[in-house]
Structures are given as C-alpha cells and as structure tokens.
Amino acid sequence: MNDGMTELVGRRPVTFGRRKVTPRACVADSKRHLRAFLSEVLEDLGFVTCECANADELRTVLATELPDLILLGVAADGIEPGRFLEILVREAFAGQVLAVGARESIIVKAVRQVGEEYGLAMLPPLTTPFAAETLRERVAMLLPEEPAPSPAVHVGEALHAGWLELWYQPKIDARTLVRSGAEALVRMRHPTWGVVPPAYFIPEPHDPHFRELSEFVIDRAVQDWHYLLEQQSPVDLSINLPASYLREPQAVRDLCRRVPTHPAFGGLTVEIDSQEATRDLDHLTEVAREVGLHNIGLAVDNLGADWPALMGLDKIPFVRLKADRQFVTGSGNDRLKRTVCRHIVELAQSFGARAVAQGVESRADLVAANELGFDLVQGFLFGKPMPLKKFARSALTRTVMGQA
C-alpha cells in the first residue's frame, strides 16, 4: 500500500502515512451566501469543496464525496445542526467536524459537546468573524505536508469528463485603477487532485487535442461573457490561443462566428505567445484584418527580451503588447527589468497599441508600471485568477483602489 494514499473501508476514508492527496471538505449551511464564502476560503487553502444546504443533501455528500472535513454552520435555533450531527453519527463519519458560528453562541458550544459525546472528531469551533489564518490553523492537520505529485491526466480525458473551466484575472487601468476587463485562464478541476494548473495538462502543439482545447476556451469564454452580463455588466475578455490554431481558415471563421452579437459586447482579445507571434507575423496580419471586422483584436503575450523582433516594422497586427511577468515583477528595483519594460512600452506607443504589464505583485511594481507608461496592469496585487462566480461577485466592486 503506497504511503500517503487513501483506502476506503466501507464509507470511511482512512489515510495512511503523510497526506499527499488534496483534502476534500463539505460546507454544510442553510445560507447560500455563507456556503459560497466558506467554500472560497477553503479552496484558497487547497481544499476541493462541495456544499449542502440540508441534512438530506448531507447524506448524499457522505455517500459520494467522502469528505475529510465537514464545516458545520450553526444557525441561531440550532435545529439544523442537530440534524446534521445525527446524520454524521448514523453514517459513522470518520473525518473532522468544524462548527462555525457566532462568538458568544451557546449553540456552537453545545454542538461541539454533543458531537464529542457521540464520538465525532470535533475541532475547536470557529467563531465569526474570523481570519483566514485562523481557519488554516484549525484544519492544518488536513493540509498536505508535501506537494502533491503531478496528476497523470491527459487533456483529452479532461475535455471528455468536463473537468475544464475558465478562471479570470482582472485587468486594471494603470492610471485610474478601475477594472478594465479580464483574462481567461484554463484550469482543470480534477475529482482527486483538485484544481490543476495548465502546466500539467496543456498539450504539445502537435497534439490533435489542441484544437479541441482551443474551441473549448472560445465557447466557454463566450458563455461566461453572457453570464457576467447577466450578473453585473459586460466585461471585455482576453483568451489565449496558439498561432497554429489560427493558421486554419475554418478555425478563424469559426472564431468570428462564435463571438457575441449582443450590442453590449465590447470586444475580444486573443493573446498569442510572443515566440509564436513573432515567427508568424505575415499570416497573423491577414488574420488580424479578418477578425478585426468582428471586434476581435490580437495581442502579443509574454513579450520580454525578444522585443527587438518587432523593431523596424512599418506596422504590426497587434492591439496590445503584454510584458512578460519576469520583467515586471520587481521592476521597481531592477534596472535591467525596467529597461526591457520601457522598450516594450515605447514599442507599443510607436505602433498605437496598448502596453500591458502582467505580474504586478507589489505597490513598487505598480508605481514602476505607472512611471514606465503601461496602460493596463494585472497581477496578484489586484487579484489572483478566480472561478467565474467568484470573479462575478468581485467584479461588482468597480474600483480596486482599496485592494491596491
């Protein structure tokens, strides 16, 4: 039996050795907004989460999801938590239980006491309001003690199983600090490994699934755009596509056909890696002319030390030049990085394109980006990539001055 693997005994998850597999948690609370908030916090800590609103749903979760942790929201009347406890005892739940409720609530203390009397593994209650670090301390024993091994999952399997989704990172106007669009980034939500970054599943350019993945990104981005429109207001989106996908005339026509015809649609930006973009300028010029008629613009992504490849040209087919994060992060204190970024900004200005700085992670980076003349910035200072619904909630705040 492999160290760190979980073997199922009946319905009980039993973990041997040090944990390596992503932990799973269920948020049990009758209030939807509280379930969403607690799920987000747990996902940020590395959990795969699910939710249940009542005792009947909890039965299903215990039978199918096999959670390691139950976060139990304690209502003022204490009735629903009592039913939750009954189910956990009846199903012989072997994981941890964490009650969450008001600081002075007698019910919270009673839930823990009753749970312990029935043999449940009750953690010290989490009282509201609480800091994320407090929650981390409560569940520390469930977090991986060493990085999880890379999942051996092919993108074809992920596409067929429906594990792929798009996450969104806001783009910010460098001068006003107002949100000015978002970049869509593909993620895999694997049932065992949790959220998997693209480095583990993006196929090689010659892989036949690359086109299917590109079509998924386009279709999902359009669906998500409509969702965001319904939730608050239209958001200008950027997606990443390989230049090889755009070499196929039918693919370009399909891209144009898929974009929204809604009057609120402000445009779509297709970002292409700088190495591919600079190798295929002639063809991309033709593509830019065709897609431009459908409010689609092309952009260079990850532009860095290869910026001289765009010098000396009369024109470029790109509406944006995006500086590589390795030259943006820390640019406030690194002369070489600032020099590269300055050249990229000047190049963009000479072609009438917008300059984008990705990798802005500190106030010093933001100050440097402003001084250098970048038009747009994005990075952890303003928000990490986040799932669609979380991005929609955060997008209700039009200015991010408070986050900066």
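As a basis for the values below, the full set of heavy atoms in this structure was taken, side chains included, without hydrogen atoms, waters or symmetry mates. Not measured: the values here are computed from a predicted model.
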Could you tell me whether the side chain of N240 reaches within less than 4.5 Å of the side chain of L185, counting heavy atoms only?
yes
Residue pair D219, Q223: steps toward the side-chain hydrogen bond (donor to acceptor under 3.5 Å, both in side chains) verdict:
CA-CA 6 Å; D219 288 339; Q223 292 176 28; over 6 Å; no
Partner set under side chain to side chain donor-acceptor pair (under 3.5 Å) for Q326, not counting sequence neighbours:
none
Are there over 12 heavy-atom neighbours, none belonging to Q275, within less than 6.0 Å of that residue's CD?
no
Using side-chain heavy atoms (C-beta onward) and a distance below 4.5 Å, is L229 in contact with F265?
no
Please report the closest heavy-atom contact between I344 and L321, naming both atoms and the distance.
O-CD1, 4.1 Å
Answer with yes or no whether the side chains of E51 and S39 bring together a donor and an acceptor at under 3.5 Å.
yes
Heavy atoms from other residues, nucleotides or ligands near CG of D56 exceed 12 (cutoff 6.0 Å)
yes
Where the side chain of W225 meets the backbone of V235, is there a donor-acceptor pair that is under 3.5 Å apart?
yes
At what distance, to the nearest 0.5 angstrom, does CD of E183 lie from CD of Q378?
5.0 Å
D365 side chain vs E361 backbone, donor-acceptor pair below 3.5 Å:
yes
Any donor and acceptor pair, going by atom type alone, linking the side chain of R338 with main-chain N or O of N333 inside 3.5 Å?
no
Answer yes or no: is there a side-chain heavy-atom contact under 4.5 Å between V328 and V360?
yes
Is it true that D375 and R175 have a side-chain N and a carboxylate O under 4.0 angstrom from each other?
yes
If you draw a 6.0 Å radius around CZ in R335, do more than 12 non-hydrogen atoms from other residues or ligands fall strictly inside?
no
Can you tell me if I106 has over 12 outside heavy atoms packed within less than 6.0 Å of its CD1?
no
Do other residues, nucleotides or ligands put more than 12 heavy atoms under 6.0 Å from H283 NE2?
yes
Can you check whether K337's main-chain N or O pairs, donor with acceptor, with D334's side chain at less than 3.5 Å?
yes
Could you report the tightest heavy-atom contact between V345 and L372, atom names first, then the distance?
CG1-O, 3.2 Å
Side-chain donor/acceptor pairs under 3.5 Å, residues 296-313, sequence neighbours excluded:
residue: D301; atom: OD1; partner: Q358; partner atom: NE2; Å: 3.3
residue: N302; atom: OD1; partner: Q358; partner atom: NE2; Å: 2.9
residue: N302; atom: ND2; partner: D273; partner atom: OD1; Å: 3.1
residue: D306; atom: OD1; partner: G304; partner atom: N; Å: 2.9
residue: D306; atom: OD2; partner: S274; partner atom: OG; Å: 2.8

Given side chains that start at C-beta, do those of K389 and Y227 come closer than 4.5 Å, heavy atoms only?
yes
Using every non-hydrogen atom in the two residues, find where R138 and P125 come nearest and quote the distance to one decimal.
NH2-O, 3.0 Å
Any side-chain heavy-atom pair of Y245 and V252 under 4.5 Å:
no
